[in-house]
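The next block holds one structure in the form of structure tokens; read it before the comments.
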Amino acid sequence: MTRTPRRKTSGPAAAGDAGAVPALVSWGLFAAWAANDIEEIFTMAPWSRAAVPRLKARFPSVPDRVWSRMEVTQPHASTAIGLMALLMAAAAAEGARTRGQSVVFRTVLTGFGLHGLVHMAQAAAYRGYTPGVATSPTVVIPYSIWALTHLRRAGIPPVSPALSLALFPVTAGAVHALAQRLTKPGRKDPARRGSGRVRG
């Protein structure tokens, strides 16, 4: 009597079954981020110009240099979002390549979802609209819950929420710092620097 080979079961019992996570879950990260940042690219600069005077009046003891750093120009906002787009696309691609197994993808995904809650908390503290808050409860948080549910059902372990949340503002801060350098008024092309000097 011949024995038929047993088929391997799928689902939670097969922990780490990467085939259970479709690429749509990973690329959805970039799509959800894009929706959130399209909102921000149109609102960040005008909001900062209107919000700074209001916040100055509410917190007069805060030094002016803090408020000056808070104001962003449209070129700054566009550049920062463009730089972040490269990072988010790379994280989504890594997630698709590993079918959700990538630690980088899972960390960015978790931080992205938590940053949606931060957007909502900022709006509540400001007592009004803040850039990104409209798409946080409608896109960012629902997508993140959906994606993390897919990972959990595939048996892929979660990453530390605290670490993910901590890394997101650090990354955003670095991106904005670079964008500020790239869009700083009066920044000259090094090749042209010194072209106005009088030669002897």
For this session: State, yes or no, whether a side-chain contact exists between I141 and M120 at a heavy-atom distance under 4.5 Å.
Result: yes

Problem set entry | Pair W47 + F42: ring centers closer than 6.0 Å | no

Problem set entry | Trace of the side chain to side chain contact (heavy atoms under 4.5 Å, CB included) decision for L29 with M88 | CA-CA 8 Å; L29 172 65; M88 297 301 289; 3.8 Å; yes

For this session: Heavy atoms only: give me the nearest H150-P22 pair and the separation to one decimal.
Result: ND1-CD, 4.1 Å

For this session: Supply the atom-to-atom distance L55 CG to R58 CZ, rounded to the nearest 0.5 angstrom.
Result: 6.0 Å

Exercise. Between L167 and V108, does a side chain to side chain contact (heavy atoms under 4.5 Å, CB included) hold up when you go through it step by step?
Worked result: CA-CA 9 Å; L167 288 176; V108 173; over 6 Å; no

Exercise. Taking the six-membered ring where the residue is Trp, are the ring centres of F30 and W33 under 6.0 Å apart?
Worked result: yes

Problem set entry | Check: R99 side chain, A23 main-chain N or O, donor-acceptor pair, under 3.5 Å | no

Problem set entry | Heavy-atom donor-acceptor pair, Y143 side chain to T138 backbone, under 3.5 Å | no

Exercise. What's the spacing between L182 CG and L83 CG if we round to 0.5 Å?
Worked result: 6.5 Å

Exercise. How are the rings of F112 and F168 set to each other: parallel, tilted or perpendicular (split at 30° and 60°)?
Worked result: tilted

Exercise. Among the clusters formed by ILVMFWY side chains lying less than 4.5 Å apart, do L109 and I145 turn up in the same one?
Worked result: no

For this session: Find out if a path of hydrophobic residues (ILVMFWY) with successive side-chain heavy-atom gaps under 4.5 Å connects L87 to V104.
Result: yes

Exercise. With hydrophobic residues grouped by side-chain heavy-atom distances under 4.5 Å, do M70 and M44 end up in a single group?
Worked result: no

For this session: For residues W27 and A92, report the shortest heavy-atom separation together with the two atoms involved.
Result: CE3-CB, 3.8 Å

Exercise. Distance-only, no hydrogens or angles: does the S48 side chain make a donor-acceptor pair with backbone N or O of E71 under 3.5 Å?
Worked result: no

For this session: Taking the side chain as every heavy atom from C-beta outward, state whether N36 and H115 have any pair of such atoms under 4.5 Å apart.
Result: yes

Problem set entry | side chain to side chain contact (heavy atoms under 4.5 Å, CB included) assessment of Q74 paired with I41 | CA-CA 8 Å; Q74 189 58 50; I41 203 170; 4.0 Å; yes

Exercise. Backbone N or O of L148 within a donor-acceptor pair of the R153 side chain at under 3.5 Å?
Worked result: no

Problem set entry | Minimum-distance pair of heavy atoms, taken over all atoms of V25 and A147 | CG1-CB, 3.7 Å

Exercise. Between the main-chain N or O of F105 and the side-chain N or O of E94, is there a donor-acceptor pair closer than 3.5 Å?
Worked result: no

Problem set entry | Least distance between heavy atoms, G132 atom then E39 atom | N-OE2, 3.1 Å

Problem set entry | Audit row: H176, M84, side chain to side chain contact (heavy atoms under 4.5 Å, CB included) steps and yes/no | CA-CA 9 Å; H176 277 283; M84 186 63 80; over 6 Å; no

For this session: Calculate, to the nearest 0.5 Å, the distance between atoms CG and OG1 belonging to L163 and T107 respectively.
Result: 6.0 Å

Exercise. What closest approach, in Å, do S136 and P142 show between heavy atoms, and which atom pair accounts for it?
Worked result: O-CD, 3.8 Å

Exercise. Does some side-chain heavy atom of L165 sit less than 4.5 Å from a side-chain heavy atom of T110?
Worked result: no

Exercise. Does CZ in R69 sit with more than 12 non-hydrogen atoms of other residues, nucleotides or ligands closer than 6.0 Å?
Worked result: no

Exercise. Donor-acceptor pair, E40 side chain versus I81 backbone, under 3.5 Å?
Worked result: no

For this session: With the side chain counted from C-beta on, respond yes when R106 and P158 share a heavy-atom pair under 4.5 Å apart, and no when they do not.
Result: no

For this session: Please report the closest heavy-atom contact between G111 and S164, naming both atoms and the distance.
Result: N-CB, 3.5 Å

For this session: Verify the cluster assignment for V52 and F59: are they in a single hydrophobic cluster under the rule of side-chain heavy atoms below 4.5 Å apart?
Result: yes

Exercise. Do L117 and L114 have side chains that get closer than 4.5 Å, going by heavy atoms?
Worked result: yes

Exercise. For T73, does its backbone N or O pair with a side-chain atom of R49 as donor and acceptor, under 3.5 Å?
Worked result: no

